Amino acid sequence: MPSSTMILRRLIGSALAIVLSLSVWSIAPAAQAFDNPELLPTVQTPVIDLAKTFTAIQEENLVKDINTFEADTGWKLRVLTQYDRTPGRAVRKYWGLDEKSVLVVSDSRGGNTLNFRVGDDVYKLMPRTFWIELQTRFGNLYYVRENGEDNAVIDSLAAVKTCLVRGGCSVVPGLPEEQWILTLTSSIIGGVICGFAGQYRKPNGGFAWQWALIFSPLWGILFFAFGVAPVVTRTAEWVPLLRNCAGFIIGVLVAYLTPVLGQSNPSEEL
């Protein structure tokens, strides 16, 4: 028979499930606010700041910048910030969202503050992976905590505009420090694997190129695919690439010379 502790845990779990169900049911009527056109302003504006994310000056500059960009390029950028209420699908008619539109939605209630509604013509230039990377880079809680929700929206818009002017992007431009550290780490690990694979098998045998080539799919993926490619596709700066190449070479030397450095001189017999 189950112990009293197990029975108590089941009762507590059942009670929590009932409470959660009742809370969801009690909140359900508020779902009507998720399609509320009354929240829309009476005048046309490309920025609807229901969450009061921007200052008055920020909003004014953002509106001016979006209107200028649309007049110059034809691409339609729109921004909606919300918290407890949202106009929902009503923004589609209000803004006339079409195939050339990008809607940035900022909502701090979720784990990621940013969401994007993208037209078909825009998807042809920036694939789904681009928007996932854009969301995770600028909408994550760490970035928002360090830079603010306002800058998260502004920086994501800047990346979108850059790619639209370029005629498309497969990745988000720019190389954040944390991403570069990952590429550097991958380069060093790739170098270590290459160095261990190339350790000499015979005395004075030199670098074992055959073994290094056998393991090349492993260290090659780490260095080229995860160490070099993310850098060259996101920035034209040569310093991060040079550092990653140096990290790879250092990893090779350290791993290759480890047996030599570890050898101890035999003690002289008296």
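These figures come from a predicted structure and were not determined experimentally.
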Between Glu70 and Arg78 (salt bridge meaning N to carboxylate O under 4.0 Å), is one present in this structure?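 Salt bridge: yes.
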
Do Asp107 and Arg109 meet the salt-bridge criterion of a basic N to acidic O distance under 4.0 Å? yes

Are any side-chain N or O atoms of [X] and backbone N or O atoms of [Y], one a donor and one an acceptor, separated by less than 3.5 Å?
| X | Y | value |
| --- | --- | --- |
| Lys76 | Gly96 | yes |
| Trp75 | Ser101 | no |
| Thr258 | Val254 | yes |
| Thr235 | Val231 | no |
| Asn61 | Gln58 | no |
| Gln44 | Tyr94 | yes |
| Thr86 | Gln82 | no |
| Asp49 | Thr81 | no |

When rounded to the nearest 0.5 angstrom, what distance separates [atom1] in [X] from [atom2] in [Y]?
| X | Y | atom1 | atom2 | value |
| --- | --- | --- | --- | --- |
| Leu157 | Phe138 | CG | CZ | 10.0 Å |
| Asn112 | Gln135 | CG | CD | 4.0 Å |
| Asp84 | Leu50 | CG | CG | 9.0 Å |
| Leu184 | Arg243 | CG | CZ | 9.0 Å |
| Ser156 | Leu77 | OG | CG | 10.0 Å |
| Glu178 | Asn140 | CD | CG | 7.5 Å |

With a 4.5 Å limit on heavy-atom distance, are the side chains of [X] and [Y] in contact?
| X | Y | value |
| --- | --- | --- |
| Leu134 | Val160 | yes |
| Val47 | Phe54 | yes |
| Pro87 | Asn36 | no |
| Leu103 | Val91 | yes |
| Cys245 | Ser187 | no |
| Ile250 | Ile188 | no |
| Pro240 | Thr183 | no |
| Thr73 | Leu164 | no |

Under 6.0 Å from the CZ atom of Phe215, do we count more than 12 heavy atoms belonging to anything else shown?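 It does not: Phe215 CZ has 12 such atoms or fewer within range.
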
Neighbour count above 12 (heavy atom, 6.0 Å) for Ile57 CD1: no

Grouping I, L, V, M, F, W and Y whenever their side-chain heavy atoms are under 4.5 Å apart, do [X] and [Y] come out in a common cluster?
| X | Y | value |
| --- | --- | --- |
| Trp95 | Val122 | no |
| Tyr83 | Val104 | no |
| Val228 | Leu222 | yes |
| Tyr142 | Ile154 | no |
| Leu80 | Val144 | no |

Nearest heavy-atom pair of [X] and [Y]: which atoms, and what distance?
| X | Y | result |
| --- | --- | --- |
| Leu141 | Gly111 | CG-O, 3.2 Å |
| Val153 | Ser106 | CG2-CB, 3.7 Å |
| Val252 | Cys194 | CG2-CB, 4.0 Å |
| Asn67 | Pro46 | OD1-CG, 3.7 Å |
| Cys163 | Met126 | CB-SD, 3.8 Å |
| Glu133 | Val172 | OE1-N, 3.4 Å |

Taking only residues two or more places apart in sequence or in another chain, which ones pass ring-ring contact (aromatic ring centres under 6.0 Å, His included) with Phe224?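 Partners of Phe224 under the ring-ring contact (aromatic ring centres under 6.0 Å, His included) test: none.
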
side-chain contact (heavy atoms from CB on, under 4.5 Å) for Arg137 and Gln179? Distances and angles first, verdict last. CA-CA 10 Å; Arg137 179 184 295 189; Gln179 189 172 17; 3.3 Å; yes

Using 30° and 60° as the class limits, which term best fits the ring planes of Trp219 and Phe248: parallel, tilted or perpendicular? tilted

Quick one: sort the Phe207 and Tyr256 rings into parallel, tilted or perpendicular, breaks at 30° and 60°.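 Plane angle between 30° and 60°, so tilted.
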
Would you verify whether the NZ or CZ of Arg234 falls within 45 degrees of the ring axis of Trp180 while also being under 6.0 Å from that six-membered ring's centre?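 No cation-pi geometry.
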
Worked verdict on Ser170 versus Phe130 for side-chain contact (heavy atoms from CB on, under 4.5 Å): CA-CA 6 Å; Ser170 58; Phe130 170 89; over 6 Å; no

Run the numbers on Trp131 and Val118 for side-chain contact (heavy atoms from CB on, under 4.5 Å), then give the verdict. CA-CA 9 Å; Trp131 301 101; Val118 184; 3.7 Å; yes

Hey, could you give me each pair passing salt bridge (charged side-chain N to carboxylate O under 4.0 Å, His left out) that has a residue in residues 141-167? Not counting sequence neighbours. Asp65-Lys161

